[in-house]
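See below for the structure under consideration.
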There are 2 protein chains.
Amino acid sequence: MARTAGSHAETTGPRVREAAQRLIARHGYAAVSMRQIAAEVGVQAGALYLYTPDKQTLLYDLMRLHMEELLATVEALPPLDDPRAALDRFARFHIGHHLDRPEAVFIAYMELRNLTPENFAAIEALRRRYEEGLAAILRDGVARGAFALPDLRLATRAIIAMLTGVTHWFRDMGPMGRDEVAACYAEMVLKTVAAP
Amino acid sequence: MARTAGSHAETTGPRVREAAQRLIARHGYAAVSMRQIAAEVGVQAGALYLYTPDKQTLLYDLMRLHMEELLATVEALPPLDDPRAALDRFARFHIGHHLDRPEAVFIAYMELRNLTPENFAAIEALRRRYEEGLAAILRDGVARGAFALPDLRLATRAIIAMLTGVTHWFRDMGPMGRDEVAACYAEMVLKTVAAP
DNA sequence: AAGGTATCTGAACGCCGGTTCAGTTCAAGC
DNA sequence: GCTTGAACTGAACCGGCGTTCAGATACCTT
């Protein structure tokens, strides 16, 4: 056998990435084989190499696309003058965006160590750029007296860790809805950095 | 060749666990082979099976021992009446304890999905018991008017996520010392749940 | 000194890993 | 309808995987 009926690169390519994302999020990069990904797509393992040069690049592309989408979305938001409003929106955006993409988020936070040093550096740079967006909000808030915090860098990381933590336990069908959860987190974040 | 000079179960056993902890923390459970662990100990792969029935149990034991030590330590702390003092101490304890054991902490948070369902349930139960310790502090603080928070369970998880996040970036030799970092976090945590 | 046991080696087992490639089939353009 | 190239198969390559076990050696007891 060879080429199968109804096969197209435009559909198979994305399906490879989707299958890889689903499997890697569930079992981890090292525990997932190219043959498993291929089986999920309904294809032999060799065919995957029409869509990725190797397994490592497949992982890297998943993480890069996720980070690029995250940055593009957050940087497209219209600026807000009030620091409190900006922080509130950031918290709600972060939670909403992450809850919409649990698999990509999981991979982005768990598979960093499986990247080659060069790929790691590239992802890390994107991550820092996102972090800097929050840091700018906090810095502005401190300068204008709305916020008070012991250390800017530390507060930035603490808030992101707190917000991202929601993806570890949130499940639809739970007692709280997404917006309700986001509102609670936004309230706590604002208190965390509020000026006395 | 066979038994090597100076070999003792009391020294090799712990060395196996230490090597496994170091390697798994660095590369991940699925990416580390029994032969790599054996090489780190200075032994052939077969010898590991004198100290663990299989690779899965080796991982499980690492996580169980870590959680048991964490629980034993936190539950041995003398009670504090003031909710604010209790929360402050919890935050500092959590950060200090976790910064002392970066490898065990990393494994405990990253390798949950590589546990068998039974082992996962056991670890999850220990984790919930730890979480409940913090929840009790918050609940008491709310009842006595010291704290105000939108949702107890959510606040508990948010605080633990925030505090544990420190292990992802903290490095000795950085600009801040451990106690300084712990103090900053404690201050932020207290503000997060403070009554208005 | 001798015997017994604890400790480890080294080789083997069967299986699965990522990756390559010659060959086969489908689909689209002329 | 024919040709051409894109899409895929199936088998192979070489290496590593977790695990087992018979045999060899070191240590401890007496």
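A note on names: the letters A, B, ... follow the listed sequences, proteins ahead of strands, and every chain is numbered from 1.
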Exam field: side chain Glu75(A) to backbone Tyr130(A), donor-acceptor pair closer than 3.5 Å: no

Transitive ILVMFWY cluster of Met110(B), excluding itself - 4.5 Å side-chain cut-off: Phe106(A), Met110(A), Phe106(B)

For Arg178(A), salt bridge (Lys or Arg N to Asp or Glu O under 4.0 Å) partners two or more places apart: Asp100(A)

Rounded distance (nearest 0.5 Å) linking atom CD1 of Ile159(B) with atom CE of Met162(A): 8.0 Å

Residue closer to the 5' end of DNA chain D, Ala47(A) versus Ala47(B) (nearest nucleotide): Ala47(A)

Any residue of residues 48-64 of chain A with a heavy atom less than 4.0 Å from an atom of DNA chain D: Leu50(A), Tyr51(A)

Close side-chain approach of Gln21(B) to Arg17(B), heavy-atom, < 4.5 Å: no

Members of residues 14-25 of chain B that approach DNA chain C, where some heavy atom sits under 4.0 Å away: none

Partners passing side-chain hydrogen bond (donor to acceptor under 3.5 Å, both in side chains) against Arg64(B) (at least two apart in sequence or in another chain): Asp61(B), Glu68(B)

What are the atom names and distances for every N/O pair under 3.5 Å that joins the protein to nucleotides 11-16 of chain C?
{"residue": "dA12(C)", "atom": "N6", "partner": "Arg35(B)", "partner atom": "NH2", "Å": "3.3"}

DNA chain D-proximal residues of residues 111-121 of chain B, any heavy atom under 4.0 Å: none

Exercise: identify the closest heavy-atom pair between Val193(B) and Lys191(A): C-NZ, 3.6 Å

Strictly under 3.5 Å: I want the nitrogen or oxygen pairs between protein and nucleotides 4-6 of chain C, one per line.
{"residue": "dA6(C)", "atom": "N3", "partner": "Arg3(B)", "partner atom": "NH1", "Å": "3.0"}

Nearest-0.5 Å distance that lies between atom CG in Leu163(A) and atom CZ in Arg92(A): 11.5 Å

Among Arg129(B), Glu124(B), Arg127(B), the one residue meeting side-chain contact (heavy atoms from CB on, under 4.5 Å) with Met67(B): Arg127(B)

No-hydrogen, no-angle side-chain donor-acceptor test under 3.5 Å, His94(A) and Thr164(A): yes

Sugar-phosphate, base or nothing in reach of Val32(A), heavy atoms under 4.0 Å: sugar-phosphate

With sequence neighbours excluded, residues passing side chain to side chain contact (heavy atoms under 4.5 Å, CB included) with Thr52(A): Met34(A), Thr57(A), Leu58(A)

Short side-chain N/O contact from Thr4(A) to OP1 or OP2 of dT25(C), under 4.0 Å: no

Side chain Arg15(A), main chain Val41(A), donor-acceptor under 3.5 Å: yes

Whether Tyr29(B) side chain and Gln56(B) backbone form a donor-acceptor pair below 3.5 Å: yes

With sequence neighbours excluded, residues passing side-chain hydrogen bond (donor to acceptor under 3.5 Å, both in side chains) with Arg139(B): Glu132(B)

Side-chain N,O (Gln44(B)) to OP1/OP2 (dT7(C)) below 4.0 Å: no

With Glu10(B) via side-chain hydrogen bond (donor to acceptor under 3.5 Å, both in side chains) - residues at least two apart: none

Spacing between Gln36(B) atom CD and dG15(D) atom P, to the nearest angstrom: 17 Å

Atom-pair distance (CE on Met34(A); P on dC21(C)), nearest Å: 16 Å

Set of residues satisfying salt bridge (Lys or Arg N to Asp or Glu O under 4.0 Å) with respect to Glu111(A), sequence neighbours excluded: Arg113(B)

